[in-house]
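Quick one: this structure, given as structure tokens, is what I'll be asking you about.
First the proteins, then the strands, lettered A, B, ... as listed; each starts at 1.
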There are 2 protein chains.
Amino acid sequence: MLSKKTKYGLKALTYMAKKESRDPVLISKIAKDENISKKFLEIILLQLKNSGFLGSKKGKGGGYYLIREPEDITIASLIRILEGPIAMLPCVSLNFYEKCDDCKDEETCSLSKLMIEVRDSTLKILENKTLADLTQSTLSA
Amino acid sequence: MLSKKTKYGLKALTYMAKKESRDPVLISKIAKDENISKKFLEIILLQLKNSGFLGSKKGKGGGYYLIREPEDITIASLIRILEGPIAMLPCVSLNFYEKCDDCKDEETCSLSKLMIEVRDSTLKILENKTLADLTQSTLSA
DNA sequence: TTAAAAACCTACTAATTTGGTAGAGTATTA
DNA sequence: TAATACTCTACCAAATTAGTAGGTTTTTAA
């Protein structure tokens with residue numbers, strides 16, 4: 001399960017990507033419109049800035065703004081920044097690999113083959129979806 | 001990420017499924033062979049028993065044993081028991097659905113469509129893999 | 001019939017993560 | 001120069017995770 005932090009981050013970025021202009025958007029505006037705690041969102045957007053996804057401007061007329069095209073930001077890259085590993089086990093993670101302390105040998109681990117399969121099928125989606133895809137409103141009818 | 005509880009549970013069940021006989025297996029034997037804390041494993045196997053996957057026998061010659069064929073136990077069902085939801089968000093979970101408190105409307109949520117897609121691709125694998133599949137040793141060469 | 005074996009049960013615990021809040025500091029602009 | 005709005009430091013409570021300790025009950029076999 002994704003944490004609220006990740007969920008809020010994705011929603012906030014989608015909010016910004018949906019706007020036609022790239023003018024700075026207030027934290028407080030996003031927080032209100034998306035029902036997110038403002039203080040919590042501050043932390044999240046700051047992290048996204050420090051990770052190179054957002055720029056910011058202080059003072060009146062300030063706020064956060066996207067510094068890359070939504071089409072160029074994969075959901076996988078965002079989840080990795082906000083959440084961490086996408087794989088179900090650290091020992092099959094591509095970006096956050098960690099050795100299992102209980103496994104003698106990764107080659108013979110009964111779980112790793114399956115978990116690699118799950119990882120790859122998830123990545124196939126998340127690496128190919130971008131922020132731009134999230135801005136397409138999901139028609140329900 | 002799966003918790004250690006889930007990981008240990010899956011490994012313990014695989015261990016039992018690999019044996020040709022269905023005689024009771026000691027917690028302590030599994031714990032030792034799989035490098036799992038015995039006390040922690042006690043909790044896990046008890047839960048699997050209460051969920052209908054294992055039987056147990058007390059006293060000398062006792063232990064835990066599978067009460068279903070490995071072919072009939074999907075990995076998805078085990079993860080749901082041990083871990084909980086498989087989906088990335090509660091609002092798109094089939095078995096552990098919960099409404100999002102921050103979403104006005106699920107139909108228009110920017111994330112839900114994508115998260116349903118991820119869920120379905122993961123389930124396609126996990127619903128079709130069984131304990132029997134985990135017993136096939138993964139040839140590395 | 002009694003001792004050992006082994007699951008079962010209750011109760012704790014420490015460390016980490018999660019999801020926040022409070023308030024002061026700093027840069028910018030009108 | 002005052003208001004605005006991001007930034008930083010410092011807390012905090014609750015939940016979760018991954019255990020541990022120790023006793024109870026049931027069963028088997030000598």
For this session: Please determine if a side-chain N or O atom of B:Tyr8 lies less than 4.0 Å away from the OP1 or OP2 oxygen of D:dG19.
Result: yes
For this session: Give one of base, sugar-phosphate or nothing for A:Ile27, where a contact means two heavy atoms less than 4.0 Å apart.
Result: sugar-phosphate
For this session: Determine, for B:Asp102 against A:Lys4, whether the closest basic-nitrogen to carboxylate-oxygen distance falls under 4.0 angstrom.
Result: no
Exercise. Between C:dT16 atom P and B:Lys5 atom NZ, what is the distance in whole Å?
Worked result: 21 Å
Exercise. How many Å lie between NZ on A:Lys4 and P on C:dG19, as a whole number?
Worked result: 7 Å
Seminar exercise, completed: Checking D:dT26, D:dA18, C:dG19 against the side chain of B:Ser3 (C-beta onward), the nearest is D:dA18
Exercise. Choosing from D:dC8, C:dA7, D:dA18, which nucleotide comes nearest the side chain of B:Phe40?
Worked result: D:dA18
Problem set entry | Among C:dG20, D:dG19, D:dC6, the nucleotide that comes nearest once only the side chain of A:Ile43 is considered | C:dG20
Exercise. What nucleotide among D:dT4, C:dC9, D:dT28 has an atom nearest to a side-chain atom of B:Lys60?
Worked result: D:dT28
Problem set entry | Atom-to-atom span, NZ of A:Lys49 to C1' of C:dT26 - whole angstrom | 12 Å
Exercise. Between B:Met1 (CE) and D:dT16 (P), how many Å, whole number?
Worked result: 18 Å
Seminar exercise, completed: Here the distance between atom P of C:dA6 and atom CG of B:Asp23, to the nearest Å, is 14 Å
Exercise. B:Ser77 side chain to B:Ile73 main-chain N or O, any donor-acceptor pair under 3.5 Å?
Worked result: no
For this session: Given side-chain hydrogen bond (donor to acceptor under 3.5 Å, both in side chains), test B:Lys5 with B:Gln47 step by step and report yes or no.
Result: CA-CA 11 Å; B:Lys5 183 178 156 192; B:Gln47 185 181 355; 2.8 Å; yes
Problem set entry | Passing candidate, side chain to side chain contact (heavy atoms under 4.5 Å, CB included) with B:Phe53, options B:Ile81, B:Ile67, B:Leu82 | B:Ile81
Problem set entry | Sugar-phosphate only, base, or nothing, as touched by A:Leu26 at under 4.0 Å among non-hydrogen atoms | sugar-phosphate
Problem set entry | Closest-nucleotide 5' rank along DNA chain C - winner of B:Leu46 and A:Ser37 | B:Leu46
Seminar exercise, completed: Contacts of A:Ser3 meeting side-chain hydrogen bond (donor to acceptor under 3.5 Å, both in side chains) (sequence neighbours excluded), chain-then-number -> A:Thr6, A:Glu83
Seminar exercise, completed: Assert: residue with more 5' nearest nucleotide on DNA chain D, out of B:Gly61 and B:Leu2, is B:Leu2
Problem set entry | Rounded distance (Å) that lies between atom P of D:dT17 and atom CD of B:Gln47 | 11 Å
For this session: Could you check how far CD of A:Glu42 sits from P of C:dG19, rounded to whole Å?
Result: 17 Å
For this session: Look at all strands and tell whether A:Lys39 reaches a base, only sugar-phosphate, or nothing, counting heavy atoms closer than 4.0 Å.
Result: base
For this session: When you get a sec, tell me which of C:dT26, D:dC8, D:dG22 is the closest nucleotide to the side chain of A:Lys58?
Result: C:dT26
Seminar exercise, completed: In whole angstroms, the gap separating C1' of D:dA5 from CG of A:Leu41 amounts to 13 Å
